Amino acid sequence: MVLLSGGLDSATCAGMALERGYRVAALTIDYGQRHRAELDAAQAVARALEISDHRVVTVDLRAIGGSALTADIGVPKTGLTEEIPVTYVPARNTVFLALALGLAEVVGAEAVFLGVNAVDYSGYPDCRPEFVAAFQALARLATKSGVEGRPLEVAAPLLHLSKVEIVREARRLGVPVELTVSCYDPGPGGAPCGSCDACRIRDRALTDA
C-alpha cells in the first residue's frame with residue numbers, strides 16, 4: 001500500500017515498492033487541498049507505473065483548517081525558515097497513515113509505504129524518524145494482523161535521503177518525474193509557482209542531480 005500524493009517523493013516510493021517485487025495498491029487522499037493539480041498527477045503517475053488498484057479517498061481537512069493548504073492563508077514565498085511553516089497541515093500524515101493502515105488490512109498488504117523525508121524538507125513534525133517509529137508501534141497494536149502476529153511494515157525508504165538522492169533514485173527506477181507535482185501554490189494547469197518552499201527544494205535538487 002503506497003500513499004501516492006502525486007509528488008516526487010511518493011512516486012519514488014511507489015517505484016521502490018515495485019522494485020522490491022510488491023504488487024502495489026495506491027491510495028490518494030483528497031483532503032480539500034488548495035492545489036488540486038496533485039490529484040491529477042497521482043492518477044497520471046499510477047497509470048505510468050501500471051498500478052491498477054488506485055483509490056482516491058476524500059477527507060475534508062478544510063473543516064479543521066490551520067494551514068495554508070486548507071485555509072485562506074497565503075503560501076509563504078520567502079524561503080525556508082527555522083520555524084514550522086504555515087504549509088504544515090495539522091495531523092495530516094497521522095490521518096493519512098490511519099486510512100492507509102485500514103485499507104492495507106482490507107487488501108491484505110504486507111507494508112505501507114510513505115514518502116516522508118527528514119533531510120530536505122520544511123521541518124514538519126510528522127516527517128521525522130520518531131513519528132514513523134511511533135506509527136510502526138501503533139500498527140502492531142491497532143490492527144488485526146498485528147495482534148495475530150503479522151504486523152504491517154510502515155516503510156519510509158526516503159527518510160534519510162537528500163532530495164538530490166531521491167531525484168537520482170527516481171530516475172534510476174524510471175519514475176516519471178515530469179508527471180509529478182510538488183508545488184504548494186500551482187497556477188492554472190498545475191504550473192509550479194517557482195518560489196514556495198517545495199519548488200525551491202525540488203528545483204535545487206533537479207539542478208544538482
Side-chain angles (χ1 to χ4, degrees), residues 1-33 38-39 41-61 63-64 70 88-119 121 124-161 165-166 169-170 172-176 180:
M1 177 61 57
V2 175
L3 276 167
L4 187 65
S5 70
L8 169 64
D9 293 350
S10 68
T12 303
C13 269
M16 288 177 160
L18 289 166
E19 184 183 46
R20 290 190 192 182
Y22 282 116
R23 181 166 52 86
V24 171
L27 175 62
T28 298
I29 313 295
D30 179 353
Y31 63 94
Q33 60 268 55
E38 71 174 10
L39 299 173
Q43 297 277 10
V45 168
R47 286 194 298 270
L49 294 179
E50 298 182 347
I51 298 172
S52 59
D53 187 356
H54 179 212
R55 310 184 192 200
V56 180
V57 171
T58 300
V59 179
D60 194 354
L61 295 185
I64 296 174
T70 57
Y88 164 66
V89 180
R92 177 174 61 179
N93 284 344
T94 303
V95 172
F96 286 10
L97 272 173
L99 293 168
L101 199 61
L103 185 53
E105 279 213 284
V106 171
V107 302
E110 297 178 4
V112 174
F113 279 66
L114 72 159
V116 294
N117 174 257
V119 180
Y121 75 125
Y124 299 157
D126 54 1
C127 290
R128 297 174 300 152
E130 298 91 334
F131 171 78
V132 176
F135 210 95
Q136 178 68 78
L138 177 65
R140 286 195 296 270
L141 295 171
T143 60
K144 179 176 182 288
S145 58
V147 170
E148 293 177 346
R150 297 174 289 102
L152 289 96
E153 176 191 1
V154 178
L158 310 184
L159 195 59
H160 300 292
L161 299 184
E165 290 172 323
I166 293 170
E169 189 70 357
R172 183 186 70 81
L173 293 167
V175 172
T180 63

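Start at 1 with the first residue, then count along the sequence. On a predicted model such as this, the values are computed, not experimentally measured, just so you know.
Taking all atoms of both residues into account, the shortest heavy-atom contact from Pro176 to Leu49 is CD-CD2, 3.9 Å. Nearest heavy atom pair, residue Ile51 against residue Ala14, reads CD1-CB, 4.2 Å. Residues Ala118 and Cys127 approach most closely at CB-O, 3.6 Å, considering heavy atoms. The heavy-atom pair separating Pro129 from Leu159 by the smallest distance is CA-CD2, 3.7 Å. In terms of heavy atoms, Thr12 sits closest to Ala170 at OG1-CB, 3.4 Å. Of all heavy-atom pairs spanning Leu173 and Gly15, the tightest one is CD1-C, 3.8 Å.
The side-chain heavy atoms of Glu38 and Ser10, taken from C-beta on, include no pair separated by under 4.5 Å. Using a 4.5 Å cut-off on side-chain heavy atoms (C-beta onward), Gln43 and Val56 make contact. Ile64 has its side chain out of reach of Thr70: every pair of non-hydrogen atoms, C-beta onward, lies at least 4.5 Å apart.
Here the straight-line distance linking atom CG of Leu4 with atom CG of Leu39 works out to 10.5 Å at 0.5 Å rounding. Within the model, atoms CD1 of Ile166 and CG of Leu158 stand 4.5 Å from one another, a figure rounded to the nearest 0.5 Å.
Among residues two or more places apart in sequence or in another chain, the side-chain hydrogen bond (donor to acceptor under 3.5 Å, both in side chains) test is passed with Glu19 by Arg172. Contacts of Ala137 classified as side chain to side chain contact (heavy atoms under 4.5 Å, CB included), with partners at least two apart in sequence or in another chain: Arg140. Residues satisfying the ring-ring contact (aromatic ring centres under 6.0 Å, His included) criterion with Phe135, sequence neighbours excluded, are absent altogether. Evaluation of the ring-ring contact (aromatic ring centres under 6.0 Å, His included) rule for Phe131 yields no partner, not counting sequence neighbours. Every salt bridge (Lys or Arg N to Asp or Glu O under 4.0 Å) that Arg150 has, sequence neighbours left out, goes to Glu148. Every residue meeting the side-chain hydrogen bond (donor to acceptor under 3.5 Å, both in side chains) condition with Arg55, not counting sequence neighbours, appears here in chain and number order: Asp53. Under the salt bridge (Lys or Arg N to Asp or Glu O under 4.0 Å) criterion, Glu165 pairs with no residue, sequence neighbours left out. In this structure Gln136 satisfies the side-chain hydrogen bond (donor to acceptor under 3.5 Å, both in side chains) test with no other residue, sequence neighbours excluded. In this structure Thr180 satisfies the side-chain hydrogen bond (donor to acceptor under 3.5 Å, both in side chains) test together with Arg202, sequence neighbours excluded.
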Do any side-chain atoms of residues 91-116 form donor-acceptor pairs under 3.5 angstrom with protein atoms, and if so which ones, sequence neighbours left out?
{"residue": "Arg92", "atom": "NH1", "partner": "Tyr31", "partner atom": "OH", "Å": "2.7"}
{"residue": "Asn93", "atom": "ND2", "partner": "Asp126", "partner atom": "O", "Å": "2.9"}
{"residue": "Glu105", "atom": "OE2", "partner": "Lys144", "partner atom": "N", "Å": "3.0"}
{"residue": "Glu105", "atom": "OE2", "partner": "Ser145", "partner atom": "N", "Å": "2.9"}
{"residue": "Glu105", "atom": "OE2", "partner": "Ser145", "partner atom": "OG", "Å": "3.4"}

Notebook entry, point to check: Do Val132 and Val154 pass the side-chain contact (heavy atoms from CB on, under 4.5 Å) test, and can you show the C-alpha distance, the side-chain angles, and the key distance before you say yes or no?
Noted result: CA-CA 7 Å; Val132 176; Val154 178; 4.2 Å; yes
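For residues 21-30, every residue pair satisfying the side chain to side chain donor-acceptor pair (under 3.5 Å) rule, not counting sequence neighbours, is listed here: Thr28-His54, Asp30-Arg36.
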